[in-house]
Each structure stands twice: as C-alpha cells, then as structure tokens.
Asker: 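Here's a structure for you.
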Protein chains: 2
Amino acid sequence: MARIKTEKDVSRRDIIVKAAAELFKEKGYKAASMRDLAEQVGVEAASLYNHIKSKTELLHDVCFNVANRFFDHINELEASPTSTLEKIEALIRFHIRQMIENYEEVLVSDREWKHLSEPYLSNFHNQRRNYRKRFAGLIQKGVDEKQIKNIDPSTSVLIILHAITGIDSWHRSVKRISAEELEENMVTLFVEGMKK
Amino acid sequence: MARIKTEKDVSRRDIIVKAAAELFKEKGYKAASMRDLAEQVGVEAASLYNHIKSKTELLHDVCFNVANRFFDHINELEASPTSTLEKIEALIRFHIRQMIENYEEVLVSDREWKHLSEPYLSNFHNQRRNYRKRFAGLIQKGVDEKQIKNIDPSTSVLIILHAITGIDSWHRSVKRISAEELEENMVTLFVEGMKK
DNA sequence: CCTACCGATCGGTAGG
DNA sequence: CCTACCGATCGGTAGG
C-alpha cells in the first residue's frame, strides 16, 4: 500500500527547511552540519532523512524558493503599465522588503548558491544573470528616456542589489530605525541619486 | 643552532598566503581544503606546514592585512585638514580602489572573517564595528553641517560598504568598463545621492 | 619537502 | 524516529 503524505509530513519538512535556512545563513552552508540542524530541530541527524533526501536538497529548496519569488515579481512588473522610473523604484522596494521580511532565505540564496550541484548550479546561475540583465535593461531604458543620469546599467544593478543585501546587519542593529524609515532611506539614496 | 630565515622562506610563505586568499575567495574558507591549496602551490599538503602553523593562521593573515590597511587610511584621513564631504568621498574612493586592486583579499576579509577563532574573532569584530562607527560619524557630521541629506548614518554606511563590495563581479564582467569609469559611476550614485 | 598516518567529523544508510 | 555504523575527507603530526 502506498504511503499517503499527511499534513504533518509537510509541515515537518517546512520546519526543517526553515531551520536549515537560519543555520546556513549563520554558519555558511559548508560549516553547517546536519548534526547541527538535527539538534536545532530536536531529532537525531539520521531522522532528518525521513523528510529530506540530502543536505544539498535543502540548499536547493531555499535558493529556488527565493529565485521564483523574484521572477514572479519581475514578470508581473514588466507587464504592468507603469513608467520606467516607477518600475525601477518598485523593483528596489521589492528587494528591500524581501530583505526585511525574509532575509535569512534571501541571504542564503545570495551567498551560498555556489554550493549547489549540477545541473541546478548552472540553472541558478543562468536565472541570476537573466534577472540582472532585465533589471539593467530597465535602467538602460530610463537612461534612453533621459530620466536617469548617464550611468552604466549593469554596474548600477550590481551596486544596488549588493547595497540592499547590506541591510542584513540592520536586523541586529541596536538602535533600530523602522522598516519604513529604512526603505525610504535607501530609496532616497538610490532613486534620487540616479534621477536627472 | 637556531635556524635563520632566508628571503626564500619569506617569499614562499607570501605565495601560500596569496594562493589561500584566492582559494578562500573562490570556494569559501570552509570548502577550501589544505590539499586544494597544496595543489595550487605545487607541493604536498603536509609541506605547507613548514611555512605556516595552521589553516586559521592563513585566514588571520588575510583578514588583518586588509583591516590594517583600512585603519591606516582612516587614521590618516581623520587627521587631514579637509572638509567632511571630501573625507567621505575619499573614504568611498579608497574602498573602491581597494576592491579593484586587491579584491580577493578584501572579499575574504569581508565574507570569511566569521571563521576566525578567538581571540582574533572578537578582535576583528570590534575593529570592524569601530571602523563603521567612525565612518558613520563622518556622515553624521555632514548631516549636522547641512551638506548631506537627512539620512540615517549607520544605515548609509552599511549600504555604501556593501554596494562597493558588489563590484567584485565587475572583474569577471565581459564588456568591462574601465576602473576609472566604475569609480566615477559609484561616486555619482552615492555622493550625489547624499548631497543636499 | 615527502611518505605515512592519526583522530575527528562529515553526509548518509541499514535495519528496526 | 532511533541506534549503530559506513566510507570519505578533513586539518594536522611524526619522522626522515
């Protein structure tokens, strides 16, 4: 008789993936051991394998969850009837919010994806380049429309994306400014900095 | 009879440290093995230990070399008779140039320092916080002098520093813009973005 | 600088 | 979900 997946199976797995994201973020993928993860979840290391296939599968899940979220957003955005500058601002705001609400997964996806194994490694790498190319395309359009200073689009994308991942320390900051303030601070620095 | 260090000893060690920086940058500290490093240097793994004490010592060397360079610079800068805005711009330009000329060491120092062991870990961590506090202090001063928009200084420092480390991909970029263009692009985005 | 080898730790499996 | 355990790989040492 085939085993039927209960809801408990699903949520148990989700707990493991979430804990893995935290652990990978804190220690890095290689330095985080399955025994660490098991301890955090409250089981023996061997028991994890009733819910997952491998350590690399955990990394895969985190990376592609994040990637899919960003792709869904940029697909929607490109189809929307807004101005180029509005699209760029929306893209920046989405990245900031993802970092605020979801920073562990986002950081793991950003920093640890190189530890993926093939064919997922190439796949992820290509998606990443595609996304950045589309982002740069929007900035190029803004330059062409003379709404944005004459800056190099792909460099700007790199700078902006890395700047946003930089706010991870904000989470641990003692005298925290609010998420709203943070977002406005960043948009000021970038969008105003780019505008003609 | 005590062994006397010849010049060849010194340069051999330097070669190992340099190769370690490249390897740590490429694979991450944990994923880079001493056997990888030995292969790159062209000896057996055991032979490395005639020149170094441990793997962690290599990381220590890279991290503190970089940290010292930045500290020397900010010390000199703070003592110089220039305006606040000039100091901030000089600081940004120094970071950019370090990334362009020296990016492997800088990136390892930035990304892998958490794998240092005590007491160096705490030491490095404190230095890092001190440096950023002084950088934020300069921005605060710029705000007080009404030369800079009313942004949160410590958030701005985070954003700026991460943005600059973001240009590491620029090294691998196909249609490279020049280092000078890159620097001007970044200064445009930041300094202009901050100015009132 | 090499050969030989160590104890520890890793991801993962067998079997219940 | 656990106990018991595997082969591989790690950083590092001994001895020459």
Side-chain angles (χ1 to χ4, degrees), chain A residues 1 3-24 26-63 108 112 114-118 120-121, chain B residues 1 3-17 19-24 26-63 108 112-118 120-121:
Chain A
M1 234 196 294
R3 184 146 172 278
I4 295 164
K5 272 205 175 176
T6 65
E7 274 177 38
K8 214 192 151 201
D9 278 343
V10 176
S11 74
R12 200 82 179 116
R13 193 178 188 285
D14 288 348
I15 288 167
I16 293 170
V17 175
K18 182 72 166 55
E22 283 172 35
L23 205 63
F24 293 166
E26 210 55 49
K27 298 194 160 193
Y29 178 73
K30 276 282 175 181
S33 75
M34 295 304 276
R35 285 157 178 87
D36 286 337
L37 179 59
E39 195 182 2
Q40 195 143 324
V41 175
V43 296
E44 290 301 314
S47 304
L48 293 171
Y49 292 88
N50 291 309
H51 304 281
I52 58 153
K53 281 193 320 207
S54 61
K55 185 184 181 185
T56 204
E57 190 195 49
L58 289 168
L59 181 62
H60 173 274
D61 269 31
V62 174
C63 289
V108 169
E112 309 295 335
K114 284 186 182 175
H115 296 108
L116 286 168
S117 42
E118 296 291 2
Y120 307 109
L121 178 60
Chain B
M1 236 195 294
R3 185 146 171 277
I4 296 164
K5 273 204 174 173
T6 65
E7 273 176 39
K8 214 192 153 200
D9 279 341
V10 177
S11 74
R12 200 82 179 117
R13 193 177 188 285
D14 288 348
I15 288 168
I16 293 170
V17 175
E22 283 171 35
L23 205 63
F24 294 166
E26 211 55 50
K27 299 196 160 192
Y29 177 74
K30 276 281 176 183
S33 75
M34 295 304 277
R35 284 156 178 87
D36 286 337
L37 179 59
E39 195 180 2
Q40 194 142 325
V41 174
V43 296
E44 289 302 314
S47 305
L48 293 171
Y49 292 89
N50 291 309
H51 303 281
I52 57 152
K53 281 194 317 207
S54 61
K55 187 185 181 185
T56 205
E57 189 194 50
L58 288 169
L59 181 62
H60 173 275
D61 269 30
V62 174
C63 290
V108 169
E112 309 294 336
W113 64 271
K114 284 185 184 177
H115 295 109
L116 286 168
S117 44
E118 297 290 2
Y120 307 108
L121 178 60

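Below, chain A is the first sequence line, B the second, and so on; all start at residue 1. Bear in mind that the values here come from a model prediction, so they are computed numbers and not experimental data.
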Asker: From CG of B:Leu48 over to C1' of C:dC1, roughly how many Å is that when rounded to an integer?
Answerer: 10 Å
Asker: Output yes when B:Lys53 and B:Asp61 qualify as a salt bridge under the 4.0 Å nitrogen-oxygen rule, no when they do not.
Answerer: no
Asker: Please list, chain by chain and in numerical order, all residues satisfying salt bridge (charged side-chain N to carboxylate O under 4.0 Å, His left out) with B:Glu39, sequence neighbours excluded.
Answerer: none
Asker: Using a 4.0 Å heavy-atom cut-off across all strands, classify B:Ala32 as base, sugar-phosphate, or nothing.
Answerer: sugar-phosphate
Asker: To the nearest 10 degrees, what angle separates the axes at the start and end of the helix from C:dC1-D:dG16 to C:dG16-D:dC1, five pairs each?
Answerer: 0°
Asker: Any side-chain N or O of A:Arg35 under 4.0 Å from OP1/OP2 of C:dG12?
Answerer: no
Asker: Going by the rule salt bridge (charged side-chain N to carboxylate O under 4.0 Å, His left out), which residues pair with B:Glu22 if we only count those two or more places apart in sequence or in a different chain?
Answerer: B:Lys18
Asker: With sequence neighbours excluded, what pairs up with A:His115 under the ring pair (Phe, Tyr, Trp, His ring centres under 6.0 Å) test?
Answerer: A:Tyr29
Asker: Going by the rule ring pair (Phe, Tyr, Trp, His ring centres under 6.0 Å), which residues pair with A:Tyr49 if we only count those two or more places apart in sequence or in a different chain?
Answerer: none
Asker: Could you list, one pair per line, each protein nitrogen or oxygen that sits under 3.5 Å from a nitrogen or oxygen of nucleotides 13-16 of chain C, together with the distance?
Answerer:
none

Asker: Using whole Å, what does the distance between atom P of nucleotide C:dT9 and atom CG of A:Leu37 come to?
Answerer: 18 Å
Asker: For A:Ala38, answer base if it contacts any base atom (sugar-phosphate contacts may also be present), sugar-phosphate if it contacts only those atoms, and nothing otherwise; contact means non-hydrogen atoms under 4.0 Å.
Answerer: nothing
